[in-house]
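Numbered from 1 within each chain, the chains take letters A, B, ... in sequence-line order.
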There are 2 protein chains.
Amino acid sequence: MAVTLNDIARKAGVSLATVSLALNDSNKVNKDTKIRIKEIADELNYVPNARARALVKKSTKTIGLVIPEVVNPFFAELAQAIKDYVRSQDFNVILCSTDYQSEEELRYINMFRSGQVDGAIFACVGDMMAQHNDLIIKLVEENIPVIYVDRDGVDHDLIPVVKSDVYHAAYQAADYLISLGHRELAFAGQSVERLNGFKSALMKHGLELKEENIYYDYLRMEGGYTVGEKIAARDNKPEAVVCLNDEMAIGVIQALIAEKVKVPEDISVVGIDNIKMANFYNPSLTTVNIPVSQMGDKAAEILLKRIAGETLSPKEKFFIFPTELVIRDSSRKA
Amino acid sequence: MAVTLNDIARKAGVSLATVSLALNDSNKVNKDTKIRIKEIADELNYVPNARARALVKKSTKTIGLVIPEVVNPFFAELAQAIKDYVRSQDFNVILCSTDYQSEEELRYINMFRSGQVDGAIFACVGDMMAQHNDLIIKLVEENIPVIYVDRDGVDHDLIPVVKSDVYHAAYQAADYLISLGHRELAFAGQSVERLNGFKSALMKHGLELKEENIYYDYLRMEGGYTVGEKIAARDNKPEAVVCLNDEMAIGVIQALIAEKVKVPEDISVVGIDNIKMANFYNPSLTTVNIPVSQMGDKAAEILLKRIAGETLSPKEKFFIFPTELVIRDSSRKA
DNA sequence: GCCCTCTTTTAAAACGTTTAAATTAACATA
DNA sequence: TATGTTAATTTAAACGTTTTAAAAGAGGGC
């Protein structure tokens, strides 16, 4: 059916090997024959068979990207950045979203072991599911390089990590709210690291964190909405809320507004991530920027280097991106 | 390095073929040997080499999904649905976003021709870029099935189409606004089909469409923002705006609000798509629902059938999903 | 004419599976 | 004992490349 090297060889009256060499621009083959072979290949509309090539080259020019879901602006942006980067080096991305299911991650790991990818990026929210660090290490030992994005728990020599400083992000958010004069702060979301950053800001200013002001909930808009409802129902409402991410913050705000609690007049709400919608929401969202595209670029860059067999400098094995407070309209002075 | 059939064969003292048959649960191989072989395979932690298997089976268990960008809630949701569906049949998805670049689509088509995928779904906004229908037909003729989602231009016998009735969606939006009493309607976005639906609603009610009320702009929030600014700057503003999609609508609203034009008090704004944010935006967005997840499911289902070699019924080759008006807070009576 | 070198081409192995066809063994039947 | 049947196993080809080592050919110098 499809045109193969053999077809070209026959037509050109040379051996299959010569054709292969010619099409790969080897300097071992005569200039004129090379041209002739290339012409014939063009004429027959030849495309090399990626499956056969993958087998012998032991490479598929494909990487796996493990994220919880694409329907999530943060991960969508990450995916976009990574895809753009690797594509510039002729790699492709297999979209591996786990929907926060631990077993799905497992299935992907096995798929990776089968040699369907040359490497993988794991960008799951670590807190949320059972870890498979041991299996992922095995993957690396079988020579399938892995990079972690915003995930930790393994020796960086084996698995480089690209992070944002989310601890600091939460700290910045809380610190900023306190500087506005707010004293009763709430936190929404489930992330140990962010919660710790939040706590440390309170501590620095000698504020105590009441248990009732910590809301564990699903990290999307729906989860935020639930939190917002709960807050609106309280008599002694917190003055300000720091949310795990912008989506939650939007959910919180939407619920508060629905319950006639004004943002920012009654309560200030701050997110983390700085997704595009933060700027278009109404009120526009005060948040802490996480340079997710840059993180994606970096992760992709490092992964491709590993795949190419390059050794990484220690600095490249643990890369942490700074975060930045972005003040908009969802927060105001106490 | 990695464990192969040969390793197992040696250890089990049988031939490589027996191992292959055993692991594939062939009934040609003796029960006991089968068990023994499987045990050894387990023990050695064997995973079949996907590359080798792909070569001989002429299948990679992978499909390509061509979309303009993942950073776009509509396509993200489509991707999610498609991924979920095909994954249930042990297929994977290669993420092929074109960023609205025609050449990128071309590169993907060539990648597909190389046999890296068993089939592909093209879900590009047709209006926006040069079409490659001819090349895509070639793809199909080379036995790589293709499905179009919300894209047209080819004999459906070759390339089945899964669509939503966006013509009707725009019609519904305009018709609804007119029923509210609005007379001066504007349209934002570039889509022939939607614009036509919009026009037909005006015509039905005997309203004329002024050239100045058509805004061609980029179909994301930024584009909408530009449109909103232009509208806000006008003396004789339209009373209502129908936007190509929800993202544009949000951009329009955000610009209007920034320019002190109230939505919906001064201008009603309606979107199309019903992305999740439509429900969380403030004001919540009146829009026309497009059942994108269902469309993704359908497209995936049909594609996998084609890949499996099944013949499709005529009904399956052109599937159109109905749309539905969703009234929320961004629109109100004149 | 012979040897050497350099260029060009080819044969063949390899990659790790699947699978059709052939072989072997065991056993029943005539 | 010969023959046929069935079940289990193996041999070998195939998939379409890449790549190494070897072969062939072309000049050139002596």
Side-chain angles (χ1 to χ4, degrees), chain A residues 1-38 40-41 44-62 90 111 113-118 142-144, chain B residues 1-38 40-41 44-62 90 111 113-118 142-144:
Chain A
M1 192 79 245
V3 181
T4 72
L5 287 184
N6 230 319
D7 300 328
I8 300 176
R10 228 182 340 254
K11 189 147 187 180
V14 296
S15 81
L16 173 157
T18 309
V19 177
S20 175
L21 293 173
L23 295 180
N24 285 306
D25 252 331
S26 162
N27 57 0
K28 287 187 187 170
V29 37
N30 182 281
K31 240 186 185 176
D32 296 338
T33 21
K34 200 191 276 188
I35 292 174
R36 194 159 49 88
I37 288 174
K38 282 187 173 173
I40 296 178
L44 295 182
N45 220 332
Y46 170 77
V47 181
N49 182 311
R51 293 184 299 252
R53 181 177 276 174
L55 180 59
V56 40
K57 295 270 245 179
K58 298 175 183 305
S59 150
T60 55
K61 288 269 190 183
T62 300
D90 255 309
M111 191 257 278
R113 281 194 64 212
S114 78
Q116 239 180 87
V117 301
D118 296 348
E142 285 172 358
N143 264 315
I144 299 178
Chain B
M1 193 75 245
V3 181
T4 73
L5 286 184
N6 230 318
D7 300 328
I8 301 176
R10 229 186 334 256
K11 189 147 185 179
V14 296
S15 83
L16 172 159
T18 309
V19 177
S20 175
L21 292 172
L23 295 180
N24 285 306
D25 251 332
S26 162
N27 57 359
K28 286 186 190 170
V29 37
N30 182 281
K31 240 186 184 174
D32 297 337
T33 21
K34 199 192 276 188
I35 292 174
R36 195 161 47 88
I37 287 173
K38 282 187 174 175
I40 295 177
L44 295 183
N45 221 329
Y46 170 77
V47 180
N49 183 311
R51 295 185 297 251
R53 181 178 276 173
L55 178 59
V56 41
K57 296 269 244 178
K58 297 176 183 305
S59 149
T60 55
K61 289 272 193 177
T62 300
D90 257 309
M111 192 255 281
R113 283 193 63 212
S114 79
Q116 236 177 92
V117 301
D118 297 348
E142 287 173 356
N143 264 313
I144 299 177

[X] [atom1] - [N] [atom2] separation (whole Å):
| X | N | atom1 | atom2 | result |
| --- | --- | --- | --- | --- |
| B:N24 | C:dG16 | CG | C1' | 13 Å |
| B:R51 | D:dT18 | CZ | P | 15 Å |
| B:L5 | C:dT19 | CG | P | 12 Å |
| B:K34 | D:dA7 | NZ | C1' | 13 Å |
| A:K61 | D:dT17 | NZ | P | 17 Å |

Open item on the list: Return a single string for nucleotides 7-15 of chain C, one symbol per nucleotide in 5' to 3' order, where B is base contact, S is sugar-phosphate-only contact and - is none, cutoff 4.0 angstrom on heavy atoms.
Closed with: -BBBB---B
How far does [atom1] of [X] sit from [atom2] of [Y], to the nearest 0.5 angstrom?
| X | Y | atom1 | atom2 | result |
| --- | --- | --- | --- | --- |
| A:D118 | A:N143 | CG | CG | 11.0 Å |
| B:N49 | A:R113 | CG | CZ | 11.5 Å |
| A:Q116 | A:T62 | CD | OG1 | 8.5 Å |

- [ ] With sequence neighbours excluded, tell me which residues meet side chain to side chain contact (heavy atoms under 4.5 Å, CB included) with B:L23.
- [x] B:L5, B:I8, B:V19, B:I37, B:K38, B:A41, B:Y46
Task: Under the side chain to side chain contact (heavy atoms under 4.5 Å, CB included) test, residues paired with A:K11 that sit two or more places apart - done: A:I40, A:E43, A:L44
Open item on the list: Using a heavy-atom cut-off of 4.0 Å across all strands, would you classify B:N6 as base, sugar-phosphate, or nothing?
Closed with: nothing
- [ ] To the nearest 10°, let me know how far the axis at one end of the helix from C:dG1-D:dC30 to C:dA30-D:dT1 is tilted from the axis at the other, five pairs an end.
- [x] 80°
Restricting both atoms to N or O, compile the protein contacts to nucleotides 23-28 of chain D shorter than 3.5 Å, with distance only.
none

Open item on the list: Please list all pairs meeting salt bridge (charged side-chain N to carboxylate O under 4.0 Å, His left out) that have one or both residues in residues 51-62 of chain B, counting only residues at least two apart or in different chains.
Closed with: none
